[in-house]
Every structure is written in C-alpha cells, then in structure tokens.
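Here the structure is laid out as structure tokens; the discussion comes afterwards.
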Amino acid sequence: MKQNREKRKIAPIKILMGIFVPFVLVTIFLSVLLNDATIDTINSVDNGKYVTVLADIDGIVEANPRLVDIAMLASHDAVTDSLTPDSPMDYHDRPTVLGKLDPITSGFQYRFGRTQAVGLDVQLRQGARMFHIKYTDFEGTWYGTHAHLSLTIEEYVLQVLRYLATPEAQGEIVILLWHPMYFGEGVTLDTFHHYVASVKLNGKNLYDYVHYGTTNTFDEDGKSGVRIGELRYNDVTVNGTEPGVVLFDRREGTRFFERGMEGTMTDVYMGKYFDMDTNANHKWHSRIGQKTLISKINEQAELIASSDEWDNKLRMNQTQASFSAGGFSDIFIDIGAWSLLRFAERYNVTLVNHENFDYWLSVMPVFQVDFVNSGYGDFNDLVNQKIHAYNQNLVNSILGA
C-alpha cells in the first residue's frame, strides 16, 4: 500500500516536469532566437577594385547602349549598414505587429533588417551601381530605414556625391531608387525632392549629375518627356565625359504611399524622376531558401522572356531573401539562416555560379542582392567580372550589327 501511495505522488511530479522542462527549453530557445543580435559575417570586401565598371568597357561611347540593356550590380535595402539592435523604429512600422513586438524581438529584427555590411561609399567602390533606398521622415529629419533607422539620408547622399566627384566616376552611372516609408503631416514627394537638392558637396547636388531632360514620369504613350526605354548611356553620361545619375521614385499603394504624399507634378524636381512601378519590372519574391528563390527567379525570367511587354522597361532580378512564412519549410530555413547577411553569403555564391546566370542577365540585366560586397566564395569579384563581360559583349554586338 505504501509503495502505491508513493507511485501516486510521483506521477503528478512527472507530469509537471514533462510540462515544465519543455516550457523552459522553448523559452530559452526563443529568448536566444529573438534577442541574440550576433551576425558573424565572414568576409566584407573593401578594396576599391571596381570603382570603375562601365567607363572602362571598350567602345561603350560608340555603341551607346540603352540604359535598360546595361547590366548592373544592385544593392537591396542599400542603407542598412548602420542599423543596430537599439536603432529607433520608424513611424511606418510602429503600429504593425513588427512594431508591437519590437521590445522582445530586437535581436531577431536586427538580424533580418540589416541587409548590407557597408555604406554606399564602399558599395560603389565594389561595383554596385543601383541602390534601393528606403527612407523615412523621423521627427523632421530624413533617415535611411528598414523598419529601424540607419544613418541620415544626408550622410548617404554625401557618400554618393563624394564618389561622383572622383575622377574614377567619369562615365559611370549611378541609379538611385527612392522608396518612401513614412511622411509626416504635410510632407510630400516634393518636400523630399527639395531636400535632396539642399544636400551639396563643393556646391553640387545630385541633380547636377542628372543630364537627361524632363522625364515621362509614368512612361505614358502620347505624353512628352524622356522615356526610360529611350535613355542611352551617352544621354546619362554626356558621351562618357561625366558621371551620371538616374533617379526613381517608388509609389507602392496605400500601405506605404497615400495620395496626399504625391505632391505636384509641376514641381521643379519631379521631372528628374521616373516612377519605378510603371518604368520597371521588379518582382519581389518575399521568400527564403535557395531552391525556392532560384525557382522563382527562373519563373520570372521565363515570364519576361516570353513577352515583349517589358522590352522598353528596366528589368530587375530581385534575388534577395526575406523572412518568410510562405511555406512550412520557410520557418525552419528562417531559423537556420539566422540573419539575412549570413544567408546571403552562401546564396550569392550559388547565384553567380548558377548555370542560368548569364541567361538571367540577358533577361533581367539589373542583378540585385543583399550583402553586395561579400567576399565569401569570391562573390564580389565573380559578379563584377561576369557583369563586365556581359556589358562588353553587349557593346560588341551593337558595334558589330
């Protein structure tokens, strides 16, 4: 009888332990997963090897290729290098689930928010020529953002201006895609456009490097202005004698961009910008996992190749990963990836060595990645060499036609 009573006493203890131990383990696991801000990137290259990538292509001025046919290395969420786990959250994301969970998920949000290891200055020296820049109005100051604030837009614009002022930039093209996330009351695109004009280096602002005429902003038939499909290398660079800047605005629907944010089409600077969504094909796959993303890239390439709808548009290959719950396996890949930078190290090498890489460039010449200056597997070298070879063949084909 005594033995049976002891067994009855032990049984509830086992049940409690069976519940308590897994609870503790899950709590510890989630605590590490959500709060650890360690990224541990392996190889961030800054050797200035690709400070010139277009002007040194033999015959590019004579061939004068269309901008939409020139291959370029592009940087996704290009201004995230200075995010920290303690960076303030921008006002766009504060009301979202992401914002409400920020106090207990800071490490996780940092690891999946920081997509670049270095600023625009180093990215330019390592061959990147198109930059996707999310920006936000934070209490009256413009910041780079990816849910959390990075450096001020002024600092990033100055980084670009410093590059444009160098002799190596002559004949180079820099494309800036401005993606607004939050505007305060009364703030519009015009407000931001005028702000960009106020940021100067040696008396010059970004608009001083915009050499094409007034744009056909939305690429509309019958409307006046330069159309993106007509813009050529010599138009942008003054026949290779100057560095040239091409500007895009992003308008992404009511969640990010409301009608009141538009501003006026008669603004003096509006005609410097192309609207991204009507002038480009730039599908974002919003998934993670190498096999899944490569499958999506191939599908997009086939879609574009099978139609002439985008022949006169900018065609971007958005290869980058994102935190995803798009499939059950994505959750486990998210956890295993740990951070977007760590995932990109290995994934970028897979992309550049893929058998379809040259085909992708031919269909979608703008090749966009996270961790654009990664040296893991010689990615930065390989991608710049392959893009250069593609552009040289493009020029040769035009001259030989």
Side-chain angles (χ1 to χ4, degrees), residues 50 53-54 57 60 63-76 78 127-132 173-175 177 219 227-233 236 246 248 250 274-322 344 347-372 379-380 382-401:
Y50 300 101
V53 296
L54 289 174
I57 296 173
I60 192 167
N64 195 22
R66 299 191 307 164
L67 176 71
V68 297
D69 296 327
I70 297 172
M72 292 186 183
L73 177 60
S75 174
H76 171 247
R129 289 297 178 270
M130 181 169 180
F131 302 94
H132 165 241
I173 295 172
V174 176
I175 300 178
L177 165 56
D219 200 31
R227 302 186 75 165
I228 193 67
E230 300 169 350
L231 197 58
R232 292 184 175 272
Y233 174 81
V236 179
V246 181
F248 286 84
R250 186 84 203 276
F274 295 95
D275 172 70
M276 186 63 182
D277 293 314
T278 52
N279 284 279
N281 182 300
H282 59 119
K283 184 176 177 60
W284 176 44
H285 304 298
S286 189
R287 294 292 300 274
I288 199 167
Q290 292 197 19
K291 289 183 180 179
T292 297
L293 286 167
I294 288 172
S295 175
K296 295 291 184 184
I297 291 168
N298 281 324
E299 288 176 11
Q300 189 65 13
E302 289 300 318
L303 176 67
I304 294 174
S306 65
S307 171
D308 60 3
E309 181 179 352
W310 298 284
D311 288 357
N312 296 311
K313 309 281 188 181
L314 195 75
R315 287 155 279 131
M316 179 184 291
N317 185 358
Q318 292 211 53
T319 70
Q320 73 280 342
S322 68
Y347 173 53
N348 288 359
V349 175
T350 299
L351 290 172
V352 78
N353 287 312
H354 196 278
E355 61 183 358
N356 286 350
F357 182 81
D358 289 338
Y359 169 64
W360 294 338
L361 279 185
S362 70
V363 178
M364 303 173 288
V366 178
F367 180 70
Q368 179 171 275
V369 296
D370 291 338
F371 204 174
V372 75
F379 167 74
N380 189 254
L382 289 173
V383 73
N384 275 290
Q385 290 166 12
K386 290 191 175 187
I387 286 175
H388 190 278
Y390 178 87
N391 285 328
Q392 187 65 68
N393 287 336
L394 171 67
V395 165
N396 292 345
S397 68
I398 293 171
L399 294 177

Return the [atom1] to [atom2] distance between [X] and [Y], rounded to the nearest 0.5 Å.
| X | Y | atom1 | atom2 | value |
| --- | --- | --- | --- | --- |
| Thr319 | Met364 | OG1 | CE | 9.5 Å |
| Leu361 | Leu394 | CG | CG | 11.0 Å |
| Ile57 | Ile387 | CD1 | CD1 | 10.0 Å |
| Leu231 | Ile173 | CG | CD1 | 7.5 Å |
| Phe357 | Thr350 | CZ | OG1 | 12.5 Å |
| Ile297 | Phe367 | CD1 | CZ | 7.0 Å |

Taking only residues two or more places apart in sequence, or in another chain, which ones meet [X] in a ring-ring contact (aromatic ring centres under 6.0 Å, His included)?
| X | answer |
| --- | --- |
| Tyr390 | none |
| Trp360 | His354 |
| Tyr347 | Phe343 |
| Tyr233 | none |

Of all residues at least two apart in sequence or in a different chain, which pass the salt bridge (Lys or Arg N to Asp or Glu O under 4.0 Å) check with [X]?
| X | result |
| --- | --- |
| Arg250 | Glu252, Asp277 |
| Arg227 | Asp219, Asp221 |
| Asp69 | Arg66, Arg315 |

What pairs with [X] under side chain to side chain contact (heavy atoms under 4.5 Å, CB included), at least two apart in sequence or on another chain?
| X | value |
| --- | --- |
| Glu299 | Ser295, Lys296 |
| Ser306 | none |
| Ala280 | Met276, His282, Leu314 |

Compare all side-chain heavy atoms of [X] with those of [Y] and state whether any distance is below 4.5 angstrom.
| X | Y | result |
| --- | --- | --- |
| Ile288 | Thr292 | no |
| His388 | Asn384 | no |
| Val68 | Trp310 | no |
| Asn391 | Ile70 | yes |
| Leu293 | Arg287 | yes |
| His132 | Met316 | no |
| Val369 | Leu73 | yes |
| Leu351 | Ile294 | yes |

Can you see which heavy atom on [X] is nearest to which on [Y], and at what distance?
| X | Y | answer |
| --- | --- | --- |
| Gln385 | Tyr50 | NE2-OH, 3.6 Å |
| Asn380 | Val383 | O-CG1, 3.5 Å |
| Val372 | Ala74 | CG2-O, 4.0 Å |

Glu302-Asn298 side chain donor-acceptor pair, cut-off 3.5 Å: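 Distance-only check fails for Glu302 and Asn298.
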
Side-chain donor-acceptor contact under 3.5 Å, Asn281 with Glu309: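 Glu309 and Asn281 do not have a side-chain donor-acceptor pair below 3.5 Å.
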
Partners passing side chain to side chain donor-acceptor pair (under 3.5 Å) against Glu230 (at least two apart in sequence or in another chain):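 With sequence neighbours excluded, Glu230 shows a side chain to side chain donor-acceptor pair (under 3.5 Å) to no residue whatsoever.
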
Test side chain to side chain donor-acceptor pair (under 3.5 Å) applied to Asp370 - qualifying residues, sequence neighbours left out: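 In terms of side chain to side chain donor-acceptor pair (under 3.5 Å), with neighbours along the sequence ignored, Asp370 is linked to His76.
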
Donor-acceptor contact below 3.5 Å, side chain Arg232 vs main chain Asn64: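 The answer is yes, because a donor-acceptor pair under 3.5 Å joins these two groups.
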
Side-chain (Lys283) to main-chain (Gln318) donor-acceptor, under 3.5 angstrom: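 No: the side chain of Lys283 does not pair with the backbone of Gln318.
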
Candidate pair Ile228 and Phe248, rule side chain to side chain contact (heavy atoms under 4.5 Å, CB included), full reasoning: CA-CA 10 Å; Ile228 193 67; Phe248 286 84; 3.7 Å; yes

